Amino acid sequence: MMDRIMKVLPQDVVIYIFLMLPVKSLLRFKCTCKTFCNIINSSTFIHLHLHCSNDELILFKHSIKQEEDDLFKNILSFLSSEENCFDFKAVSPDFDVPEVTTTSACVFVQVIGPCNGLIAITDSFATIFFNPTTRHYRSIPACPFGIPKRYRRSISGIGFGYDSIRNDYKFIRISEVYEDYMDKDMKVDIFDLSTDCWRELNGQQVPLVFWTSCSEILYNNACHWFASTDDTIILCFEMNTEEFYHLELPESCHWYDGKSDGLIIVNNCLSYIRYPDPLSDRPAEVLIDIWIMKEYNKRESWIKRCSIGPITIDTPLAVWKGDLLLLQTKNGDVIGYDLNSHEIRDLNLYGYPRSWRVVIYKESLTPIPREGDTILVKN
């Protein structure tokens with residue numbers, strides 16, 4: 001049957017039809033004949049399919065406490081909603097995250113990406129690469145590099161991205177190594193997926209990176225974190241060159257004003273969100289400010305999008321479809337705030353407090369290769 005279709009339809013027409021189909025249908029077609037399988041597995045088709053799709057989905061990571069053993073289960077939920085709609089619906093069953101911590105430290109489990117449809121999930125020690133569409137995943141080995149005796153290590157920044165020059169995915173870990181709190185050295189380790197090995201990156205001065213639950217953004221082929229110099233900056237790591245650079249924050253924003261910092265993407269622009277520190281005693285009247293960098297790496301292009309509130313939250317999570325700001329409350333609920341209508345609603349999503357993370361992604365066929373496999377990415 002399928003062979004007859006290939007004789008009637010030119011291959012270009014078949015590819016065009018396939019590009020319109022969801023991944024679930026394509027995986028079925030792969031099983032029908034060798035020709036279809038070769039087309040769908042090709043790096044060219046995988047690249048075209050990823051970039052032809054305009055439909056975005058949202059991945060929610062949260063944790064729940066299990067009463068029987070007091071351990072925690074880390075769960076990924078895959079949802080979507082219509083534009084300007086608070087009603088999120090599941091697009092596929094939940095997925096239990098393997099290998100990461102099941103202790104109360106689950107609140108530090110980060111989800112980074114997407115990068116060509118892949119994401120990284122890590123508790124800073126155990127890490128998996130995961131395709132949320134195909135649900136294929138791969139764990140990576142623990143970093144083998146130790147520290148001197150009597151020294152301590154604190155993981156302060158992690159990142160994940162793709163090096164288009166070397167055709168390789170990379171996982172980056174920034175850590176503080178110190179004997180006492182007054183004298184800290186920053187250490188950078190990189191895992192290369194193609195070789196299945198860790199290596200140390202030396203020769204660059206790295207400022208003190210500080211962790212926030214709403215940062216570690218992959219944007220413009222660079223990872224972004226907050227760091228401290230004379231003031232707060234956005235530290236960036238370019239995947240191809242493996243060089244650090246930094247972005248300056250809006251001139252009116254400073255570390256000493258008592259707000260917390262976050263990074264989000266709004267209408268395809270890197271954006272900076274300032275919100276009341278959930279641990280401070282400051283009054284609830286403090287507003288949430290959103291700044292958008294209209295032209296990347298130009299400080300003068302920062303534009304204040306809005307100030308909203310007062311809203312009592314723990315952390316921001318993401319902006320969905322350009323207008324719906326997703327926020328995590330101190331109780332472990334998720335609420336939505338419409339930046340245009342200023343409507344706010346509970347989204348009926350519940351988890352352990354501070355455990356929520358969000359990634360907005362597109363369906364992808366991108367495989368996760370093992371050591372020695374060819375990485376199928378076409379630029």
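Note that these values count all heavy atoms, side chains included, but never hydrogens, waters or copies made by symmetry. Residues: numbered from 1 along the sequence shown. Model, not experiment: these values are computed from the prediction.
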Would you say the side-chain atoms of Glu176 pair up with the backbone N or O of Ser154, donor to acceptor, closer than 3.5 Å?
no
Any donor-acceptor pair under 3.5 Å linking the side chain of Arg357 with the backbone of Val107?
yes
Tell me whether Lys330 contacts the main-chain N or O of Pro353 through its side chain, where contact means a donor paired with an acceptor under 3.5 Å.
no
Start with the C-alpha gap between Leu249 and Ile234, add the side-chain angles, then the distance that decides, and say whether side chain to side chain contact (heavy atoms under 4.5 Å, CB included) holds.
CA-CA 7 Å; Leu249 296 174; Ile234 300 173; 3.6 Å; yes
If you group Ile, Leu, Val, Met, Phe, Trp and Tyr by side-chain heavy-atom gaps below 4.5 Å, do Tyr352 and Val334 land in one group?
no
Go through the steps to decide whether Val358 and Trp320 satisfy the test side chain to side chain contact (heavy atoms under 4.5 Å, CB included), and finish with yes or no.
CA-CA 10 Å; Val358 167; Trp320 171 245; over 6 Å; no
Roughly how far, to the nearest 0.5 Å, is CZ of Arg150 from CD of Glu179?
6.0 Å
Identify the heavy atoms of Cys306 and Leu339 that sit nearest to each other, and give their distance.
SG-CD2, 4.0 Å
Please examine the side chains of Ile58 and Leu326, heavy atoms only from C-beta on, and report whether any two atoms are closer than 4.5 Å.
yes
Taking the side chain as C-beta and beyond, is there a heavy-atom pair between Ile172 and Ile158 under 4.5 Å?
no
Once you round to the nearest 0.5 Å, how far does CD of Glu300 lie from NZ of Lys294?
14.5 Å
So, Asn74 side chain and Thr101 main chain: donor-acceptor pair closer than 3.5 Å or not?
yes
Starting from the C-alpha separation in whole Å, work towards a yes-or-no answer on side chain to side chain contact (heavy atoms under 4.5 Å, CB included) for Thr329 and Leu327.
CA-CA 6 Å; Thr329 71; Leu327 304 161; 6.0 Å; no
Mark yes when over 12 heavy atoms from residues, nucleotides or ligands other than Tyr16 sit less than 6.0 Å from its OH; otherwise mark no.
no
Which atom of Ser77 lies closest to which atom of Asp94, heavy atoms considered
OG-OD1, 3.0 Å
Say whether, by atom type as modelled, one donor and one acceptor occur between the side chain of Thr44 and the main chain of Ser42 under 3.5 angstrom.
no
Can a salt bridge be assigned to the pair Asp189 and Lys187 using a cut-off of 4.0 Å between side-chain N and carboxylate O?
yes
As an exercise, state the distance from CG of Asp185 to OG of Ser175, rounded to the nearest 0.5 Å.
10.0 Å
Is there a side-chain contact between Ile344 and Asp338 in this structure, where contact means two heavy atoms from C-beta onward sitting under 4.5 Å apart?
no
Which heavy atom of Asn221 sits nearest a heavy atom of Leu218, and at what distance?
C-CD1, 4.4 Å
Which value, rounded to the nearest 0.5 Å, describes the distance between Ile368 atom CD1 and Thr134 atom OG1?
6.5 Å
For Leu287, does its backbone N or O pair with a side-chain atom of Ser307 as donor and acceptor, under 3.5 Å?
no
Does Tyr169 have its ring centroid less than 6.0 Å away from the ring centroid of Phe129?
no
Is it possible for you to say whether Ile360 and Leu57 belong to one hydrophobic cluster, with membership spreading through side-chain heavy-atom contacts below 4.5 Å?
no
Determine the interplanar angle of the Phe244 and Trp225 rings, folded into 0 to 90°, and report it as parallel if under 30°, tilted if 30 to 60°, perpendicular if over 60°.
tilted
Kindly work out whether a path of hydrophobic side-chain contacts (I/L/V/M/F/W/Y, heavy atoms less than 4.5 Å apart) joins Val111 to Phe130.
yes
Can you give me the closest heavy-atom contact between Ser355 and Ser63, atom names plus distance?
OG-N, 3.0 Å
Heavy-atom pair with the smallest gap, counting every atom of Leu270 and Trp302
O-CZ3, 4.1 Å
On a heavy-atom basis, which atom in Lys362 and which in Leu50 lie closest, and how many Å separate them?
CD-O, 4.0 Å
Without swapping roles, check the side chain of Lys170 against the backbone of Asp163 for a donor-acceptor pair under 3.5 Å.
no
Mind checking whether Phe78 and Tyr361 have parallel, tilted or perpendicular rings, split at 30° and 60°?
perpendicular
With a 4.5 Å cut-off on side-chain heavy-atom distances among I, L, V, M, F, W and Y, is there a chain of contacts connecting Phe95 to Val359?
yes
If the plane angle is over 60° it's perpendicular, under 30° parallel, otherwise tilted; pick one for Phe60 and Trp356.
perpendicular
Salt bridge present between Lys259 and Asp289 (N-O < 4.0 angstrom)
yes
Verdict with supporting geometry, Glu56 and Ser80, side chain to side chain contact (heavy atoms under 4.5 Å, CB included)
CA-CA 8 Å; Glu56 290 185 323; Ser80 187; over 6 Å; no
Assess whether atom CD of Glu200 is packed by more than 12 heavy atoms of other residues, nucleotides or ligands within 6.0 Å.
yes
Main-chain N/O of Arg299 paired to Glu248 side chain as donor or acceptor, under 3.5 Å:
no
Go through the side-chain N and O atoms of Arg135 and Ser92 and say whether any donor and acceptor fall under 3.5 Å apart.
yes
Does a side-chain heavy-atom distance below 4.5 Å link Leu201 with Phe237?
yes
Is the ring pair Tyr296/His224 parallel, tilted or perpendicular, if the boundaries are 30 and 60 degrees?
perpendicular
Side chains of Pro141 and Asp196: does their closest heavy-atom pair fall under 4.5 Å?
yes
Taking Thr315 for the side chain and Gln328 for the main chain, is one N or O donor matched with an acceptor at less than 3.5 Å?
no
Linked, directly or transitively: Val319 and Leu263 (ILVMFWY side chains, under 4.5 Å):
no
Can you find a side-chain donor-acceptor pair between Tyr151 and Arg153 that sits under 3.5 Å?
no
Short side-chain to backbone donor-acceptor contact, Tyr219 and Asn268, under 3.5 Å:
yes
Can you confirm whether Ile273 sits close enough to Leu325 that some side-chain heavy atom of one is under 4.5 Å from a side-chain heavy atom of the other?
yes
Look up atom CD1 in Ile190 and atom SG in Cys143, then write down how far apart they are to the nearest 0.5 Å.
11.0 Å
Roughly how far apart are His246 NE2 and Thr229 OG1, rounded to 0.5 Å?
6.5 Å
Pairwise side-chain contact, Ser364 with Leu118, heavy-atom cut-off 4.5 Å (strictly under)
no
Are Met186 and Ser156 packed together at the side-chain level, in the sense that at least one heavy-atom pair is separated by less than 4.5 angstrom?
yes
Will you find, in the side chains of Asn240 and Ser164, an N or O donor that is under 3.5 Å from an N or O acceptor?
yes
